[in-house]
Amino acid sequence: MSDSPLILAVPSKGRLQENAAAFFARAGLVFNQSRGALDYRGTLSGVPDVEVAFISASEIVSHLASGAAHLGITGEDLIREQIADADEAVELLTPLGFGYANVIVAVPQAWIDVRTMADLDEVAADMRARHGRKLRVATKYVNLTRRFFAERGIADYRIVESLGATEGAPGAGSAEIVVDITTTGATLKANALKIIDDGMILRSEANLVASARAPWNDRARRAATTVLTRIAAEEEARTSREVRAALDLSRVSGLSALVQQFGATLPYGQPAGGEVVLHCKASTVFEIVAGLQAIGAQDITVRAFDYLFRPTNALTERLLRRIG
Ligand SMILES: Nc1ncnc2c1ncn2[C@@H]1O[C@H](COP(=O)(O)OP(=O)(O)OP(=O)(O)O)[C@@H](O)[C@H]1O
Ligand SMILES: O=P(O)(O)OC[C@H]1O[C@H](OP(=O)(O)OP(=O)(O)O)[C@H](O)[C@@H]1O
Ligand SMILES: [Mg+2]
């Protein structure tokens, strides 16, 4: 246990699989799945001390909660649903820009007078009073639903646990309303359902998540640092540019002002021999070029990188702060 490897849990199927694999590939992290595509375990090419677990997005959450995995990619919806003390158990290191899904409350379109959670509360009370029945909510997000309804003071309802095709429940007569995830809205539409105006429970996306309960021995820490450093270097590269120019050394004071104004850096020091190399945010590049031209710079080039390794990175810092 004291020198167990880093366990990295990666979605093996479903919506997140392809995006997660592409995300790691961009960071130069390539999986080796020795015994074919169904194999549950793998390694990372050229990164020692990492064991990759290929499991479903929902299993990844269980592994992170128990400490059976150190790092994983999964949806925030599943984290909030499956872990009661999520903020103690895990650290969301960074959102990943894919796997967007909203957890929402939806009712039949035919309920034209029901637009808000307050309207829904009235419907529920009414059903209880007139028919002695509770409003049935079909969902697999049982905990998120209970929390959200309680926060809004709605108590006259009953959850019908659903394991799939949740949106079909009202049509099938097994529930009146649903709580589920939606991305395009196509499934809701196909089932003649509409979202309640203030019925947004959670805006979710895929996250890179660390377990606070995994055995963070030195070997696992070192491996995690390698993985996170590459991920951060890819992200840093994507949002940064290098600008080079020929600059008369008498104009260097103008350069310092420009660097400061746009939060750029001179990573290789003050220009020597008339050549300037600066790094800046991609979004500021043309303003910096204009600024350089204004102080007489010539032959200005702008380049993107594959990776930009800074002395520290936010991902590693966040992990180390959390696991101590
Ligand atoms: N349109 C979407 N529908 C479902 N999940 C989505 C969608 N968009 C993003 N996701 C994210 O992907 C996660 C996993 O969903 P997915 O349906 O791929 O799981 P799964 O592993 O196939 O499990 P299951 O077979 O139970 O659906 C969701 O919890 C959510 O975070
Ligand atoms: O808003 P949309 O873009 O239509 O997507 C939402 C649908 O996608 C998911 O189901 P999935 O296909 O994963 O099937 P499942 O219910 O078996 O998980 C989710 O449970 C919704 O039913
Ligand atoms: Mg699904």
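Source: prediction; values computed, not measured. Every number for a ligand or one of its atoms is a count from 1 in the order of the listing.
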Below 4.0 Å from any atom of ligand 1, is there a heavy atom belonging to Gly99? yes
Which of the atoms in ligand 1, numbered in the order shown and given with their element, are less than 4.0 Å from a heavy-atom of Tyr100? 8 (N), 9 (C)
Atoms of ligand 2 less than 4.0 Å from Ile181 heavy atoms? 6 (C), 19 (C), 20 (O), 21 (C)
If the condition is side chain to side chain donor-acceptor pair (under 3.5 Å), which residues does Thr312 pass it with, not counting sequence neighbours? Glu317
Only heavy atoms of Thr187, strictly under 4.0 Å: list the atoms of ligand 2 that pass. 2 (P), 4 (O), 5 (O), 6 (C), 7 (C), 22 (O)
Output all residues satisfying side-chain contact (heavy atoms from CB on, under 4.5 Å) with Thr265, sequence neighbours left out; order by chain, then residue number. Pro267, His279, Arg310
Answer with yes or no whether the side chains of Asn32 and Ser45 bring together a donor and an acceptor at under 3.5 Å. yes
Do ligand 2 and Gly185 have nitrogen or oxygen atoms that lie under 3.5 Å from each other? yes
Test your reading of the structure: does Ser56 have an N or O sitting under 3.5 Å from an N or O of ligand 1? no
Region of Ile181 that comes within reach of ligand 1 [heavy atoms, distance under 4.0 Å]: side chain
Taking the side chain as C-beta and beyond, is there a heavy-atom pair between Ile177 and Ile196 under 4.5 Å? no
Element-labelled atoms of ligand 2 that are located less than 4.0 Å from some non-hydrogen atom of Ala186: 1 (O), 4 (O)
Tell me if the centroids of the rings in Phe148 and Tyr141 come within less than 6.0 Å of each other. no
For Leu78, the atoms of ligand 1 under 4.0 Å from one of its heavy atoms are 29 (O)
Quick check on contacts: which atoms of ligand 2 are under 4.0 angstrom from a heavy atom of Arg15? 8 (O), 9 (C), 10 (O), 11 (P), 12 (O), 13 (O)
Give the numbers and elements of all ligand 2 atoms closer than 4.0 Å to a heavy atom of Ala165. 16 (O)
To the closest 0.5 Å, what do you measure between CD1 (Ile288) and OG (Ser283)? 9.0 Å
Asp77: numbered ligand 1 atoms lying under 4.0 Å from its heavy atoms: 28 (C), 29 (O), 30 (C), 31 (O)
A student checking ligand 1 against Gly75 at a 4.0 Å heavy-atom cut-off should list atoms 31 (O)
Going by the closest heavy atom to atom 20 (O) of ligand 2, which one wins out of Thr182, Thr166, Asp180? Asp180
With heavy atoms of Gly14 as the reference, note each atom of ligand 1 found under 4.0 Å away. 18 (O), 22 (O)
Do any nitrogen or oxygen atoms of Thr183 lie less than 3.5 angstrom from nitrogen or oxygen atoms of ligand 1? yes
Between Arg238 and Glu234 (salt bridge meaning N to carboxylate O under 4.0 Å), is one present in this structure? yes
When only distance counts, is Ser204 in polar contact with ligand 1, meaning an N/O pair under 3.5 Å? no
